[in-house]
Amino acid sequence: MRPDQPRRARRRLRRAVLALLALAGLVTAASVVVDVATRTPPAPPDGLRFVQAGDVRTRFLAWGDHGSPVVLVPGAFETADSFTQLGEVLGEDHRVFAFDLTGQGYSDAVAPFDVDHDARQTVAFAAALGLTGSDAPVLVGHSSGAAVVGLAALAAPLDVAGVVFLDGDALPLDVGGGPRLLVDPYKTSLVRLALRSDSLIRRLYASQCGPTCAPLDAAGVDRWRRPLQQGGTERALLANATRGVIPAMSSEQLDALRRSDVPRLVVWGRDDVDGAYTPESPASTARAIGAPPPVVVPGRHLTMISSPREVAAAIRPLLRRGSGLRR
């Protein structure tokens, strides 16, 4: 070995470290610039309706003026607007309500952003509208909203006429360790940049809704994006991303729901078998909560958009049954 080789190696290592530090500085500076440039969220649309549900000023939509009530609970990254098509169909013969969970849309963002708080908000929302006792609603939870309605039924069984797990098994979903390693300003920048990508939103929507759904136009992209860009929603998204898991029901809670007197139903998209779900998921979910065999409808994960009439037809027998039990 030449006498100067260790010295050269140390110089190369020093240059490499300095280059990495410079790159980190540039990335950090760029991230800070992005955060500052995008810190003002877009204004909410005009004409939003709110009701105080427990500790959350809750934004909601409503359809129909007669028939037994049903409350639609969104899943992760969804709002009441996700149920527009289904709400219009069910509203032909039922009173239908959908709302934004706290930290997920235009409702006030009130911590903690977890499934127990979501369940309390759901029960309080129904109570605020007078939907209790003999006028108790059937709760329909989409995707991770299944866990919300399941816990709501356990918390207030006399004020829930039935629960529907729509494309959701209420089981924990680990989203991986990567998001938990992110710190500010990087995680804020990544979330904001992702939400500002029209093509990303369109691709995600198409993959979840399937080929029977029309592609999102500019207005459609805005309907999905703008609620998630609100300041409180961003805080909740970042908090949940840091935790790295979407909250769900425990096995003990699922068993308690299975043994309860609350009517239960599972409705599932025929092609909703990607990611967390398998072809066995609908049947195993029905067994876990003590529901009849699942009703399978056309579509992928967003069946309330791709197949609203089929989903409504699957839910209506439970609405009639729940209504009859409460009289």
Side-chain angles (χ1 to χ4, degrees), residues 70-78 82-90 94 96 98 101 115 118 122 137-153 160-175 204-213 246-249 251 253-255 257-258 260 262-322:
V70 55
V71 172
L72 309 173
V73 181
F77 312 112
E78 299 170 359
S82 308
F83 289 111
T84 298
Q85 291 91 329
L86 179 59
E88 290 173 349
V89 175
L90 282 174
H94 292 279
V96 186
L101 291 167
V115 70
D118 291 342
T122 300
V138 167
L139 304 179
V140 179
H142 179 253
S143 192
S144 61
V148 177
V149 302
L151 288 179
V160 176
V163 294
V164 179
F165 281 26
L166 177 60
D167 296 299
D169 58 11
L171 296 176
L173 175 63
D174 193 335
V175 298
L204 290 173
Y205 175 83
S207 69
Q208 295 296 297
C209 208
T212 61
C213 296
I246 295 177
M249 296 177 70
S251 57
Q253 290 166 336
L254 286 168
D255 187 59
L257 181 61
R258 181 181 61 81
S260 75
V262 176
R264 301 166 296 280
L265 177 68
V266 173
V267 182
W268 211 276
R270 182 178 56 225
D271 300 316
D272 189 10
V273 294
D274 295 331
Y277 302 136
T278 70
E280 290 73 38
S281 292
S284 63
T285 301
R287 289 193 299 270
I289 66 172
V295 180
V296 177
V297 300
R300 292 185 186 170
H301 193 56
L302 299 177
T303 50
M304 68 282 201
I305 297 174
S306 63
S307 305
R309 292 207 169 272
E310 290 85 349
V311 172
I315 292 172
R316 280 192 173 104
L318 185 64
L319 294 176
R320 290 193 291 269
R321 179 186 173 194

Problem - Main-chain N/O of T212 paired to S306 side chain as donor or acceptor, under 3.5 Å - result: no
Exercise for the section: Output the distance between atom CG (L265) and atom CD1 (I289), rounded to the nearest 0.5 Å. Expected result: 8.0 Å
Handout entry: Under 3.5 Å: donor-acceptor pair, side chain of D169, backbone of S281
Key = no
Practice task
Determine yes or no for a side-chain-to-main-chain donor-acceptor pair under 3.5 angstrom, with T303 supplying the side chain and G299 the backbone.
Solution key: no
Practice task
Fit a plane to each ring of H142 and F83, take the angle between them on a 0 to 90° scale, and name the class: parallel (under 30°), tilted (30 to 60°) or perpendicular (over 60°).
Solution key: perpendicular
Problem - For R316, all residues meeting salt bridge (charged side-chain N to carboxylate O under 4.0 Å, His left out), sequence neighbours excluded - result: D93
Exercise for the section: First locate atom SG of C213, then atom CD of Q85, and finally report the distance between them rounded to the nearest 0.5 Å. Expected result: 8.0 Å
Exercise for the section: Indicate yes or no: at least one non-hydrogen side-chain atom of V73 is less than 4.5 angstrom from one of L101. Expected result: yes
Problem - Heavy-atom pair of closest approach, residues V266 and A291 - result: CG2-CB, 4.3 Å
Handout entry: Close side-chain approach of I315 to L166, heavy-atom, < 4.5 Å
Key = no
Practice task
Ignoring hydrogens and angles, tell me if any N or O in the side chain of Y277 forms a donor-acceptor pair with the backbone of H301 under 3.5 Å.
Solution key: no
Fill in the blank from the handout: Nearest heavy-atom contact between V115 and A248 is CG1-O, 3.8 Å
Practice task
Output the distance between atom OG (S260) and atom CG (L257), rounded to the nearest 0.5 Å.
Solution key: 4.5 Å
Completion exercise
Residues A312 and V89: closest non-hydrogen pair is CB-CG1, 3.6 Å
Completion exercise
Separation between CG (L139) and CZ (R264), nearest 0.5 Å, reads 13.5 Å
Exercise for the section: Drop me the distance from S307's OG to R309's CZ, to the nearest 0.5 angstrom. Expected result: 12.0 Å
Handout entry: Note, L254 side chain near L171 side chain (heavy atom, < 4.5 Å)
Key = yes
Problem - E78 side chain near M304 side chain, heavy-atom distance below 4.5 Å - result: yes
Completion exercise
Heavy-atom closest pair (S82 atom, I305 atom, distance to 0.1 Å) is O-CG1, 3.6 Å
Fill in the blank from the handout: Note: A153 and V163 closest approach over all heavy atoms is CB-CG1, 3.6 Å
Practice task
Kindly indicate whether the side chain of D167, heavy atoms from C-beta on, has any atom under 4.5 Å from the side chain of L302.
Solution key: no
Handout entry: Inter-residue atom distance L72.CG - T122.OG1, 0.5 Å rounding
Key = 11.0 Å
Exercise for the section: Could you tell me whether Y205 atom OH has more than 12 heavy atoms of other residues or ligands within 6.0 Å of it? Expected result: yes
Exercise for the section: For the residue pair E88 and P308, establish whether any side-chain heavy-atom pair is separated by less than 4.5 Å. Expected result: no
Practice task
Search all heavy atoms of G75 against all heavy atoms of S143 and return the closest pair with its distance.
Solution key: CA-CB, 4.3 Å
